[in-house]
Amino acid sequence: MEKHTFGKEYGFQTRAVHTGNDVDAETGAIKRPITMANSYALPYDPSDLNWSSAGKNLYTRNGGSNQQYLQEKLASLEGGEDCIVLASGVAALSGLFFALLESGDHVVFSSVTYIAVYRLLHELLKNKFHVDTTIVDTSDLEAVKKAIRPNTKLVHIETPGNPTLTISDIRAIADIAHENGALLSVDNTFASPYNQRPIELGADFTIESLTKYINGHGDAMGGAIIGKKAYLDIIRAQSQVNLGATISPFNAWLIMRGSVTLPLRMRQHNENALRVAKYLQTVKGVSFVAYPGLESHKGHDIAVKQMQGGFGGVLSFGLHADHDTYNRFVSHLKVITSAVSLGHDESLIVFLGENDERQYLYPEEFHGGFFRFSVGIEDAEDIIADLEQAFAKEGLL
């Protein structure tokens, strides 16, 4: 399959539109079609084929056309040599860890990470496969240095961190990892490649939950690993073909379609989230606001250094209120939807209560429960008005 990749001589928005797309040779369609096939025609003599060969149009678990088109685009947008697209963000994280880590290896990972990462590294890989792990506040570079051991194979960070919006210095941590013979992986889901490109800051791998901003429409699931081809060939063979976490052609096509408008959507997410965060700071009943775009945020200076175009569309905030008030507040909302996930076109809010299993790892202000708020691309005035009427009904203004 001929690649149709626009390089760095083109702008990010041009690459978002054109890379991976081309005129369909058979029909003349100017958009890649959905290839809804689980098998492809074999050559005249298939006897010497490697049936587990990854990335070939042989059997869709090994790789399919729509997956390959999307991989081209994401590698270009992230500034990486190669990309693997899998069935979900968790599949991408699991695939990376499964292929890279062996019994006896050590991993340092952020104290604020997605719940699946916490369970994979703190519980499953540790208990089942004897991969040793250390949880560290990776916003503290000295703590990262102290956590490194001779057998440290990987440092994994998430910045901004989910759900506390903790910021970690990618370039500095990459230097620490590489000086000690370790690799660095960065979950970039909260930022997207529009706002932050970890590969360009020295990371070895970027992981994206494509379900979120890159798709952007709340209608498909996918995950991606971006990095050097030599490593990705190993991950593709071990974690895609043999674990079977392959993305469906339809989901790959949907995400390809959604990714075209990523730059436009992210500009609106960034603008809206900053306006909402500033508004929340003025509300008497709000106990704290966590958003890296605010000068009051502990990691603001590092975020300014490594993020571009804005600070993403997710923020967290707390209330001077009890448990029931949080739930009543959500019930008053009309524009904002109570639902998990983030990065959709619509605004989504979720109340994270006092019993989260990772609560002990969060800053103290989060311990009484809080909201994670994915600010959508609606009119900012309507989002703020929706919050304001809910605050008023609970006497929090």
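We're numbering straight along the sequence, starting at 1.
- To the nearest 0.5 Å, atom CG of residue Asn66 and atom OG1 of residue Thr35 are 4.5 Å apart.
- Between Phe311 and Tyr291, the ring planes are perpendicular. Angles over 60° get that label, and only those under 30° would be called parallel.
- Listed by first then second residue, pairs satisfying salt bridge (Lys or Arg N to Asp or Glu O under 4.0 Å) with a partner in residues 157-177 read Asp169-Lys305, not counting sequence neighbours.
- Residues Ile247 and Leu86 have side chains not in contact (no heavy-atom distance under 4.5 Å, counting atoms from C-beta outward).
- Surrounding NZ of Lys228 are at most 12 heavy atoms belonging to other residues, nucleotides or ligands under 6.0 Å away.
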Start with the C-alpha distance between Gln13 and Arg267, add both sets of side-chain angles, then the distance that settles side-chain hydrogen bond (donor to acceptor under 3.5 Å, both in side chains), and finish with yes or no. CA-CA 11 Å; Gln13 192 159 311; Arg267 284 200 284 272; 3.0 Å; yes
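- Side chain of Arg265 to main chain of Gly258: a donor-acceptor pair is present (N/O by atom type, distance under 3.5 Å, no hydrogens or angles).
- In the model, Asp219 has no side-chain atom that pairs as donor or acceptor with a side-chain atom of His344 under 3.5 Å.
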Between Phe12 and Tyr194, does the ring pair (Phe, Tyr, Trp, His ring centres under 6.0 Å) criterion hold? Intermediate values first, please. CA-CA 8 Å; Phe12 188 92; Tyr194 179 80; 5.7 Å; yes
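- A donor atom on one side chain and an acceptor atom on the other are found under 3.5 Å apart for Ser110 and Thr138.
- No side-chain donor-acceptor contact under 3.5 Å links Thr337 to the backbone of Glu346.
- The cationic group of Arg15 does not satisfy the cation-pi geometry with Tyr10, failing either the under 6.0 Å distance to the six-membered ring centre or the 45° limit from the ring axis.
- Looking at Val375 and Val314, their side chains never come closer than 4.5 Å, going by heavy atoms from C-beta outward.
- Heavy atoms from other residues, nucleotides or ligands lying under 6.0 Å from CD of Glu9 number more than 12.
- Checked by atom type, the side-chain pair Gln71/Gln67 shows a donor-acceptor distance below 3.5 Å.
- Between Leu264 and Gln268 there is no side-chain heavy-atom pair separated by less than 4.5 Å.
- Remark: the backbone N or O of Ile336 is paired with a side-chain donor or acceptor of Asp386 at under 3.5 angstrom.
- Using the six-membered ring where Trp is involved, Phe366 and Phe370 have ring planes that are perpendicular, over 60° apart on the 30 and 60° scheme.
- Side-chain polar atoms of Gln389 and His332 form no donor-acceptor pair below 3.5 angstrom.
- Between the side chain of Asn21 and the backbone N or O of Ile30, at least one donor-acceptor pair lies under 3.5 Å.
- Counting only heavy atoms from C-beta outward, the side chains of Leu280 and Leu315 approach each other to under 4.5 Å.
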Does the side-chain hydrogen bond (donor to acceptor under 3.5 Å, both in side chains) test come out yes or no for Asp24 and Thr27, once each step is laid out? CA-CA 6 Å; Asp24 181 53; Thr27 65; 2.7 Å; yes
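- Under the 3.5 Å distance criterion, with hydrogens and angles disregarded, a donor-acceptor pair is assigned to the side chains of Asn162 and Arg372.
- Classification of the Tyr231-Phe205 ring pair by plane angle, with boundaries at 30° and 60°, yields perpendicular.
- Pairs of residues two or more places apart, or lying in two chains, that qualify as side chain to side chain donor-acceptor pair (under 3.5 Å) and include a residue from residues 361-371 are Arg358-Tyr362.
- Taking a cutoff of 4.0 Å between a charged side-chain nitrogen and a carboxylate oxygen, Arg236 and Asp82 qualify as a salt bridge.
- A donor-acceptor pair under 3.5 Å is formed between the side chain of Asn270 and the backbone N or O of Met266.
- The distance from the CG atom of Leu262 to the CG atom of Leu74 is 9.5 Å, given to the nearest 0.5 Å.
- In this structure, Pro249 and Met36 have side chains that are in contact, with non-hydrogen atoms separated by less than 4.5 Å.
- With a 4.5 Å cut-off on side-chain heavy atoms, Thr19 and Leu77 do not count as touching.
- No side-chain donor from either of Asn151 and Asp105 sits under 3.5 Å from a side-chain acceptor of the other.
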Evaluate the criterion side-chain contact (heavy atoms from CB on, under 4.5 Å) for residue pair Ser94 and Leu120; output intermediate values, then yes/no. CA-CA 8 Å; Ser94 301; Leu120 280 166; 3.5 Å; yes
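- Using a 4.5 Å heavy-atom threshold, the side chains of Leu154 and Leu101 count as touching.
- With 3.5 Å as the limit, one finds no donor-acceptor pair spanning the side chains of Thr189 and Ser209.
- Under 3.5 Å, the side chains of Thr134 and His106 contain a donor-acceptor pair of N or O atoms.
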Check the pair Tyr326 / Phe371 against ring pair (Phe, Tyr, Trp, His ring centres under 6.0 Å), numbers first and verdict last. CA-CA 8 Å; Tyr326 275 94; Phe371 290 124; 5.0 Å; yes
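- The one candidate from Ile135, Thr164, Asp137, Val112 that meets the side chain to side chain contact (heavy atoms under 4.5 Å, CB included) condition with Leu361 is Ile135.
- Within the 3.5 Å criterion, the main-chain N or O of Leu348 finds no donor-acceptor partner in the side chain of Ser374.
- The structure places OG1 of Thr152 at 11.5 Å from CD1 of Ile176, a figure rounded to the nearest 0.5 Å.
- A donor-acceptor contact shorter than 3.5 Å links the side chain of Ser239 to the backbone of Gly95.
- A salt bridge links Glu381 and Arg275; the closest N-O separation between the charged side-chain nitrogens and carboxylate oxygens is under 4.0 Å.
- Applying ring pair (Phe, Tyr, Trp, His ring centres under 6.0 Å) to Phe329 and the options Phe391, Phe373, Phe351 leaves one that passes, Phe391.
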Show your reasoning for whether side-chain hydrogen bond (donor to acceptor under 3.5 Å, both in side chains) applies to Gln68 and Asn57. CA-CA 9 Å; Gln68 291 176 46; Asn57 287 348; 2.8 Å; yes
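- Between Ser76 atom OG and Ile226 atom CD1 the span is 11.5 Å, to the nearest 0.5 Å.
- A donor atom on one side chain and an acceptor atom on the other are found under 3.5 Å apart for Arg328 and Thr325.
- With 3.5 Å as the limit, one finds a donor-acceptor pair spanning the side chains of His156 and Ser185.
- Contact of the Val155 side chain with the Ile173 side chain is registered, since non-hydrogen atoms from C-beta on lie closer than 4.5 Å.
- Distance alone, capped at 3.5 Å, is enough to place a donor-acceptor pair between the Asn272 side chain and the Glu378 backbone.
- Annotation: the span from Glu208 atom CD to Asp187 atom CG amounts to 7.5 Å, rounded to 0.5 Å.
- The CH2 atom of Trp253 sits 9.5 Å away from atom NZ of Lys31, with the distance rounded to the nearest 0.5 Å.
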